[in-house]
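Notes follow the structure.
Just so we're on the same page: letters track the sequence lines, and every chain starts at 1.
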Number of protein chains: 2
Amino acid sequence: MHTKIKNLIPLKKSLGPKGWIEDKSTIEPYLEEERGLYKGKAKLLLKPENTKEVSNILKLCNKHNIKIVPQGGRTGLCGGTVPSNNGEEIILSLERMNKIREFNKTNFTITVEAGCILSNIQNITNEKHFLFPLSLASEGSCTIGGNLSTNAGGINVLRYGMARDLVLGIEVVLANGKIWNNLMSLRKDNRGYDLKQLFIGSEGTLGIITSAVLKLFPMPKYIESALFAIPSPDAAIELLGLARSASADLLNAYELVSRIGMEMVLKHIPGAKEPMKNKYQWYVLIEFSSSNNSLRKQMEELFELALNKNIVLDGAIAESSQQRKDLWVLRDGLNEAQKPEGASIKHDISIPINNVSKFINIASTCVEKYIPNSRVVAFGHIGDGNIHFNISQPVNIDKKEFLDKWENINKLVFDIVKDLNGSFSAEHGIGKLKRKELKIYNPKIEVNLMKSIKLTFDPKNILNPGKVL
Amino acid sequence: MHTKIKNLIPLKKSLGPKGWIEDKSTIEPYLEEERGLYKGKAKLLLKPENTKEVSNILKLCNKHNIKIVPQGGRTGLCGGTVPSNNGEEIILSLERMNKIREFNKTNFTITVEAGCILSNIQNITNEKHFLFPLSLASEGSCTIGGNLSTNAGGINVLRYGMARDLVLGIEVVLANGKIWNNLMSLRKDNRGYDLKQLFIGSEGTLGIITSAVLKLFPMPKYIESALFAIPSPDAAIELLGLARSASADLLNAYELVSRIGMEMVLKHIPGAKEPMKNKYQWYVLIEFSSSNNSLRKQMEELFELALNKNIVLDGAIAESSQQRKDLWVLRDGLNEAQKPEGASIKHDISIPINNVSKFINIASTCVEKYIPNSRVVAFGHIGDGNIHFNISQPVNIDKKEFLDKWENINKLVFDIVKDLNGSFSAEHGIGKLKRKELKIYNPKIEVNLMKSIKLTFDPKNILNPGKVL
């Protein structure tokens with residue numbers, strides 16, 4: 001054990017064997033991310049059971065200048081939860097802090113601890129006929145603490161906003177170990193600066209979120225799902241405006257799927273079915289939800305209107321919950337279906353909606369020119385201007401040869417994103433992976449402001465060092 | 001002119017006579033707020049025409065330690081725009097920066113300068129069949145810069161959120177005069193800390209917002225308004241849950257009106273009409289909006305359901321836009337109608353929704369005990385847990401005698417608010433008026449964090465000194 005870390009030994013007894021872990025094999029899975037891009041070292045894993053224990057840990061760490069990597073479900077994609085290679089950092093997992101502190105149906109709120117798994121929160125609220133709308137691929141293992149510290153997005157952002165928008169209050173342990181209890185459950189609170197916003201999305205670099213009050217919504221009684229075939233991404237954008245206006249504003253999902261992506265899903269994902277008689281180059285998956293049963297009519301009217309305007313070519317409206325699932329397989333299977341197709345270089349970018357189709361056209365052309373026969377799979381949350389712009393390797397080349405172009409491809413794509421006033425990180429965050437990009441593409445004045453805030457909140461840089469900034 | 005202020009003379013020529021004002025009578029209206037609670041002194045009023053001019057002003061002010069009071073439409077209620085009495089501060093009005101920089105219908109955004117009047121923004125967007133939902137009593141003269149710097153609320157928060165929730169990007173001039181251009185128009189952008197959140201709601205103490213990208217929404221085609229008579233504020237809370245669930249989630253207004261308030265409106269506001277045959281102690285004004293014509297049915301079903309549960313006693317559903325206006329007069333007239341009734345001590349508080357009726361009961365009882373025959377007028381945005389808890393003086397006592405109890409009444413009310421986990425400032429902010437309360441009721445750790453941020457962003461304390469902190 002590193003000399004500095006020995007200073008934590010006074011905590012060993014109170015944390016107990018479940019909270020103080022030195023065993024190598026137990027620590028092993030905490031050293032890398034799912035995707036395997038980064039792996040670090042650590043000799044001590046702490047799993048506090050409550051906020052007071054987190055506070056005690058941070059007090060000692062701050063005193064002795066011991067660096068901390070906070071962890072939730074470790075489902076991030078940017079290396080934000082991976083320790084460095086020097087082995088001097090300790091890992092602080094919030095996973096044992098997984099209690100629901102309060103469910104308040106009158107206030108439409110739930111108060112949860114940071115280690116609660118997202119799908120558990122969804123299930124508990126669903127059982128009580130409420131909706132907690134945060135929903136993403138890793139919901140079965142990600143934790144709400146991780147969701148908040150990364151300001152997670154997902155499939156319902158269009159209607160309900162990002163993780164940030166779903167929070168009324170938080171409890172945070174600051175770098176010096178002090179606890180800031182801001183577990184307010186108010187819709188309106190203008191008592192000075194809105195400090196919680198700084199902790200949300202700062203990836204554990206300014207404080208450790210230990211609990212949160214989340215907004216709940218009524219569960220919609222009806223949901224209408226449809227897949228529309230469209231001539232181009234341009235048409236997707238025009239249709240989006242029509243769909244928003246026609247429903248004012250009941251659209252809760254609006255996802256782009258391309259033919260090339262669908263082919264991969266049909267080939268590799270069990271149960272995936274060709275959705276229409278004919279094949280088309282582009283599709284959008286649309287959902288309306290509410291508690292009135294006129295949604296079907298609204299969806300049909302939208303289809304007719306768009307057909308007349310030639311921005312929709314064909315469509316399939318789900319007639320049952322099974323048919324709805326079938327449509328979603330074509331969208332949800334896209335990431336998985338790319339894996340058997342070889343290496344893939346991925347980008348999680350966002351663009352002003354009016355520039356999205358321009359982006360897809362320009363970036364696809366440039367990528368295909370730079371790597372002939374590469375296969376652009378552009379898909380996802382086009383309703384938010386958020387495109388997962390993934391490039392699968394050409395079928396006939398070596399994986400390594402393709403991956404060697406990673407940096408160049410990133411630069412090519414991100415430069416176009418920048419030109420079109422977009423963001424190189426829409427929902428995945430910065431972590432280790434995009435620190436360089438942060439410095440290149442964010443204005444310097446912005447990076448300097450972030451640095452000055454970091455210095456104010458964590459002067460010894462003990463919280464998740466080497467991440468974000 | 002104060003010696004320090006003379007350092008600004010190099011700007012006189014470039015700002016021109018419209019931008020550089022020393023004339024006493026022209027400056028006069030800029031020295032106090034509508035409500036007349038505060039009045040200050042100032043010998044120089046600057047009205048820059050563009051962001052560069054704001055930047056030049058701040059650079060010189062920062063260099064020479066000249067304090068600045070930024071102003072929008074001066075409709076605030078907490079003295080946030082009033083200069084101090086020492087006459088050494090300059091006033092910086094953003095009113096000439098009132099251009100619409102871009103209207104982007106595809107992206108559902110509008111980019112406006114800080115000095116744009118809120119109702120102008122509403123009108124421009126309405127003409128193009130979009131909705132900018134921020135709406136409040138002073139919309140005819142308040143500016144969007146003021147709305148953002150105070151995180152304004154209003155009547156549509158329930159559905160569309162506070163001013164904070166309606167912003168995608170901002171342009172800010174920092175204390176040192178540097179311009180931070182964050183005019184992004186993205187729905188998702190996770191590139192590091194969300195700095196814009198600090199400037200929104202900080203009342204001009206951290207930077208001066210000069211422009212913003214605002215979110216637009218489709219204009220709902222249908223709106224259904226109703227006034228329901230209810231037995232108690234408790235029933236209002238139960239009905240709120242029913243209304244949210246029944247419509248999932250189309251409720252865009254949910255406002256409490258009391259009999260005593262309605263009596264004042266009926267007496268003093270021209271055109272106000274008794275809404276039902278019988279008189280009741282409490283009412284809620286409910287609105288659903290969307291683009292489907294089944295809203296009327298949903299409203300009727302809600303009424304039937306609530307009637308059967310005995311939480312609604314009677315109701316009036318608007319049959320025309322005139323009838324809708326008639327219902328709103330009963331709500332909107334409440335502030336005005338209190339004026340002829342003598343002095344009034346007002347509170348803009350918020351409470352977790354489950355505690356709202358408890359608050360109204362306890363606080364009313366305590367106030368009436370403390371000042372016998374005082375008249376509690378509790379009304380407003382109960383759907384957000386935001387109550388305007390106003391106390392009109394007893395009819396038979398001296399105005400001054402009543403107003404002398406201001407501090408004591410505040411303490412009485414705010415202590416109850418604190419006990420029920422509420423906020424002493426829901427939407428009006430802090431300004432000068434509630435600085436003392438900020439220090440009493442916000443946790444010390446929170447106030448210290450705010451102070452450290454202020455010091456980081458404005459080390460010389462030139463921006464709106466003596467406000468908020």
Pick one of side chain, backbone, both or neither for [X], based on which atoms fall under 4.5 Å of a heavy atom in chain B.
X: A/L158; value: neither
X: A/F108; value: side chain
X: A/Q298; value: side chain
X: A/L455; value: neither
X: A/L240; value: neither
X: A/S185; value: both
X: A/S294; value: side chain
X: A/R159; value: side chain
X: A/D165; value: side chain
X: A/L250; value: side chain
X: A/T109; value: neither
X: A/H129; value: neither
X: A/M450; value: both
X: A/F424; value: both

Measure the [atom1]-[atom2] distance between [X] and [Y] for me, rounded to the nearest 0.5 Å.
X: B/N190; Y: A/M162; atom1: CG; atom2: CE; result: 4.0 Å
X: A/S291; Y: B/E301; atom1: OG; atom2: CD; result: 10.5 Å
X: A/N181; Y: B/E446; atom1: CG; atom2: CD; result: 9.5 Å
X: B/K188; Y: A/I349; atom1: NZ; atom2: CD1; result: 11.0 Å
X: A/T106; Y: B/E238; atom1: OG1; atom2: CD; result: 8.5 Å
X: B/N448; Y: A/W180; atom1: CG; atom2: CH2; result: 12.5 Å

Choice from B/P220, B/S289, B/A246, B/G161 maximising heavy atom contacts with chain A below 4.5 Å: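 Between B/P220, B/S289, B/A246, B/G161, the count favours B/A246.
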Exercise: do A/S423 and B/D189 side chains pair donor with acceptor under 3.5 Å: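 Their side chains do contain a donor-acceptor pair, which is all the 3.5 Å distance test asks for.
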Using a 3.5 Å distance criterion without hydrogens, assess whether the side chain of A/D194 forms a donor-acceptor pair with backbone atoms of B/G201.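 No, A/D194 side chain to B/G201 backbone: no donor-acceptor pair under 3.5 Å.
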Where the side chain of A/S290 meets the backbone of B/S247, is there a donor-acceptor pair that is under 3.5 Å apart?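 Yes, A/S290 side chain to B/S247 backbone: donor-acceptor pair under 3.5 Å.
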Going by heavy atoms in the side chains, are [X] and [Y] under 4.5 Å from each other?
X: A/I453; Y: B/L198; value: yes
X: A/L174; Y: B/L449; value: yes
X: A/Q197; Y: B/Y193; value: no
X: B/R187; Y: A/N386; value: no

Which atom of [X] lies closest to which atom of [Y], heavy atoms considered:
X: B/S350; Y: A/L186; result: OG-CD1, 3.6 Å
X: B/G192; Y: A/V468; result: CA-CG1, 4.1 Å
X: B/S245; Y: A/P218; result: CA-CB, 3.5 Å
X: A/P352; Y: B/N107; result: C-OD1, 3.8 Å

I need the residue from [options] with the largest number of non-hydrogen atom pairs under 4.5 Å to chain B.
options: A/N421, A/L195, A/V157; answer: A/L195
options: A/L469, A/I351, A/L206; answer: A/L206
options: A/I353, A/N354, A/L131; answer: A/N354
options: A/M219, A/E427, A/K105; answer: A/E427
options: A/I237, A/L183, A/D249, A/N442; answer: A/N442

For B/L251, is it the side chain, the backbone, both or neither that has a heavy atom under 4.5 Å from a heavy atom of chain A?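 When you check distances to chain A, no heavy atom of B/L251 falls under 4.5 Å.
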Contact class of B/L168 relative to chain A, heavy atoms under 4.5 angstrom: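 Looking at B/L168, nothing touches chain A.
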Give a yes or no on this: more than 12 heavy atoms of other residues, nucleotides or ligands lie within 6.0 Å of atom NZ of B/K439.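 Yes - once you tally the heavy atoms of other residues, nucleotides and ligands closer than 6.0 Å, there are more than 12.
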What do you reckon, is NZ of A/K178 surrounded by more than 12 foreign heavy atoms closer than 6.0 Å?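 Atom NZ in A/K178 is not crowded, with 12 or fewer foreign heavy atoms closer than 6.0 Å.
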